[in-house]
There are 2 protein chains.
Amino acid sequence: MSTLPQPFSESKPETQLRLAANNCPTNAACEGCSSRHLSLCNALDTDELHRFSEISTDIHKPAKQIICSEDEAADYIYNIRNGTVRLSKMLADGRRQITGFLFAGDFFGLSCKDKYSYTAEAITDVDICRFPRAKIIGSFKEFPALGERVFEMTRTELEATHDQMLLLGRKTAKEKLCSFLLTLQEKSRCLEGQDKNEIKIPMNRSDIADFLGLTVETISRQFTNLHKMNLIELDDAHKVVLTNPEAIAAIAEGN
Amino acid sequence: MSTLPQPFSESKPETQLRLAANNCPTNAACEGCSSRHLSLCNALDTDELHRFSEISTDIHKPAKQIICSEDEAADYIYNIRNGTVRLSKMLADGRRQITGFLFAGDFFGLSCKDKYSYTAEAITDVDICRFPRAKIIGSFKEFPALGERVFEMTRTELEATHDQMLLLGRKTAKEKLCSFLLTLQEKSRCLEGQDKNEIKIPMNRSDIADFLGLTVETISRQFTNLHKMNLIELDDAHKVVLTNPEAIAAIAEGN
DNA sequence: CGATGGATTGAACTGGTTCAAGTGGAGTGG
DNA sequence: CCACTCCACTTGAACCAGTTCAATCCATCG
């Protein structure tokens, strides 16, 4: 994983159907998944997909680079091919709240008015696919199924943010971290189709802290706490094994 | 304002066009408003409105009664004629997070899948108008403008919840209360069209606390703090005058 | 008039923060 | 190949914003 900032590269897609072919790690089979990665392509047939692929641009962003910024004109929507992205909002003095982490198959920029209401940054190196937003929005009339899918994605995302509000407002540090680990597990099950208890954690402690409304130190302490309670194993900072998922789930729900 | 729970009353609407005529305190003129009360009726012409009015049921709920509960089948969508409603989620042990307050003109139940993901309760006596959800959702195809409007409302609501996540995760008690007062002010400006600094606060301290992720005591102390700082006047617990809105806005934004 | 319940205030406490120091792994350069 | 730097992470100790617990106030209502 490269960590040095580099100029981003941009190119026309070589495989026109990549949106359809590669970008749907999750689909109808994964209805249970809680987050944003209901794919758009289910809503379109092959001809329609061609049209949308043709207006797309493939972009590679190295880790740590900004993809789009809060208050910038929302000209594009983005689909993540692979890698991890964070969405965040800031206060004037630098305090940051991460509103969500996005993974392969996820979209962002869809539910904006005319400006992005958050900053999107690459956590790992990412491959993303960019579409002119006006063209997508404009084609809702022609392809109602597309609009329905976008509505469905927004709806699902709204429900997830309600859960996150409960977490931010009312859960303890330990409960927050347990909830987070379970969300990550569910996500990686969806993406990798595996039913393992081993989780890769692509983001750093500071990102987790800003997502859960805590500090880096508290995150670190809670990780060691869970380890001492024999609920997790910590291979390194970015790989965790949930040795007792049931107990973690119980804590996450406040029991 | 009645406070005793009473059996709710239910009746067919006498004025078929009440949805159109009375329930749009806000409309295009109020685009700047941040929350859920973009009206649906703008999306429909008179004939269409008649059809929707005919499938609606008027309901009166006294204060403190439950309108719909988390995990209950989401059979209806609701439009608030007047009064104030709270949406909330709970943890097993009773900790509560209020995800939003709704006022005249607001809708809820739209962005659910098949179960309500929150409990809706009347804070004051409310008059609400109930529509079978399936019929509304089903008519998106026939009336695309309706679907677009619903999407727009959901989108707007999502942006508001992102702001609330920043508040819950990163703001101090004082900043939280100032942000809340300003939101209430904007809301009452929209509803009453007045540019006053006097705000009626329909909810009690405990509701405010559960909305801001704090305790009743902290809310109370912060109210007196703001009063001592000469930023607000407190006529009684439910009526506040913002004597220095600029200073309050500065605090709310973290300055 | 006493009872009830929301709101306020006070005082002690604590979960999480802040500040500061230490650790370890990856990259760099000699 | 080793020494050095850097940076993310961890750990410790003091601190404090907000909580908890308890008492009081005060408006409303029967």
Side-chain angles (χ1 to χ4, degrees), chain A residues 1-6 62-64 86 93-97 123-124 167-178 180 200-228 232-240 251 254, chain B residues 1-6 62-64 86 93-97 123-124 167-178 180 200-228 232-240 251 254:
Chain A
M1 168 188 327
S2 150
T3 49
L4 283 177
Q6 294 160 13
K64 299 189 179 181
R86 64 172 175 243
D93 63 0
R95 276 173 287 171
R96 182 179 68 153
Q97 179 65 43
I123 285 181
T124 62
L167 177 148
L168 288 169
R170 288 299 179 216
K171 289 189 182 177
T172 65
K174 176 165 291 165
E175 290 163 359
K176 285 177 175 182
L177 186 57
C178 287
F180 174 71
K200 268 187 295 178
I201 304 181
M203 62 291 289
N204 61 26
R205 298 291 186 259
S206 157
D207 287 336
I208 301 176
D210 285 346
F211 183 60
L212 300 180
L214 297 165
T215 59
V216 212
E217 293 92 336
T218 302
I219 299 296
S220 190
R221 279 186 247 274
Q222 291 304 331
F223 265 117
T224 40
N225 267 3
L226 292 179
H227 178 60
K228 282 179 188 164
I232 60 169
E233 272 166 38
L234 273 169
D235 294 12
D236 68 287
H238 295 275
K239 197 150 83 185
V240 177
I251 295 172
Chain B
M1 160 188 340
S2 151
T3 49
L4 283 176
Q6 295 160 14
K64 299 191 178 182
R86 65 172 175 242
D93 62 0
R95 277 174 286 171
R96 183 179 68 155
Q97 179 65 43
I123 286 181
T124 63
L167 177 147
L168 289 169
R170 287 300 179 215
K171 288 188 181 177
T172 66
K174 178 166 288 165
E175 290 164 358
K176 286 177 175 182
L177 186 58
C178 287
F180 174 71
K200 267 187 296 178
I201 304 181
M203 62 291 290
N204 61 27
R205 297 293 186 258
S206 156
D207 287 336
I208 302 176
D210 286 346
F211 183 59
L212 300 179
L214 297 166
T215 59
V216 213
E217 293 93 335
T218 303
I219 298 296
S220 192
R221 280 186 246 275
Q222 291 304 332
F223 265 117
T224 40
N225 268 3
L226 292 179
H227 178 61
K228 282 178 187 163
I232 62 170
E233 272 167 37
L234 272 168
D235 295 12
D236 68 286
H238 295 275
K239 197 150 83 183
V240 177
I251 295 172

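All figures in this text were calculated on a predicted structure; none of them were measured in a lab. Letters A, B, ... mirror the listed sequences (proteins, then strands); counts begin at 1.
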Student check: side-chain heavy atoms of [X] and [Y] closer than 4.5 Å:
| X | Y | result |
| --- | --- | --- |
| B/Ile201 | B/Phe223 | yes |
| A/Leu168 | A/Gln97 | yes |
| B/Asp210 | B/Arg86 | no |
| B/Arg96 | B/Ser206 | yes |

Would you please confirm or rule out a distance under 4.0 Å between OP1 or OP2 of D/dG18 and any side-chain N or O of B/Thr215? no
Atom [atom1] of [X] to atom [atom2] of [N]: distance rounded to whole Å?
| X | N | atom1 | atom2 | answer |
| --- | --- | --- | --- | --- |
| A/Lys174 | C/dG15 | NZ | C1' | 12 Å |
| B/Leu214 | C/dG16 | CG | P | 14 Å |
| B/Gln222 | D/dA17 | CD | P | 11 Å |
| A/Leu177 | C/dG15 | CG | P | 17 Å |
| B/Arg95 | D/dT19 | CZ | P | 13 Å |
| A/Leu212 | C/dT17 | CG | C1' | 15 Å |
| A/Lys171 | C/dG16 | NZ | C1' | 18 Å |
| B/Asp236 | D/dA27 | CG | P | 10 Å |

Taking [X] for its side chain and [Y] for its backbone only, find out whether a donor-acceptor pair lies under 3.5 Å.
| X | Y | result |
| --- | --- | --- |
| A/His227 | A/Glu233 | no |
| A/Arg95 | B/Arg170 | yes |
| A/Arg221 | A/Val216 | no |

Pair pattern of DNA chain C in dot-bracket, where unpaired bases get dots and | marks partners in another strand, Watson-Crick or G-U under 3.5 angstrom: ||||||||||||||||||||||||||||||
Check nucleotides 8-12 of chain D against the protein and report each pair of N or O atoms closer than 3.5 Å, with its distance, or say if there are none.
from	atom 1	to	atom 2	distance (Å)
D/dC9	OP1	A/His238	NE2	3.1
D/dC9	OP2	A/Arg205	N	3.0
D/dT10	OP1	A/Arg205	NH2	3.4
D/dT10	OP2	A/Arg205	NE	2.9
D/dT10	OP2	A/Ser220	OG	2.8
D/dT10	O5'	A/Ser220	OG	2.9
D/dG12	N7	A/Arg221	NH1	3.0
D/dG12	O6	A/Arg221	NH2	3.3

Criterion side-chain contact (heavy atoms from CB on, under 4.5 Å) on B/Lys176 and B/Ile219, from CA distance to verdict: CA-CA 9 Å; B/Lys176 286 177 175 182; B/Ile219 298 296; over 6 Å; no
Does a side-chain N-to-carboxylate-O contact under 4.0 Å join B/Asp235 and B/Lys200? no
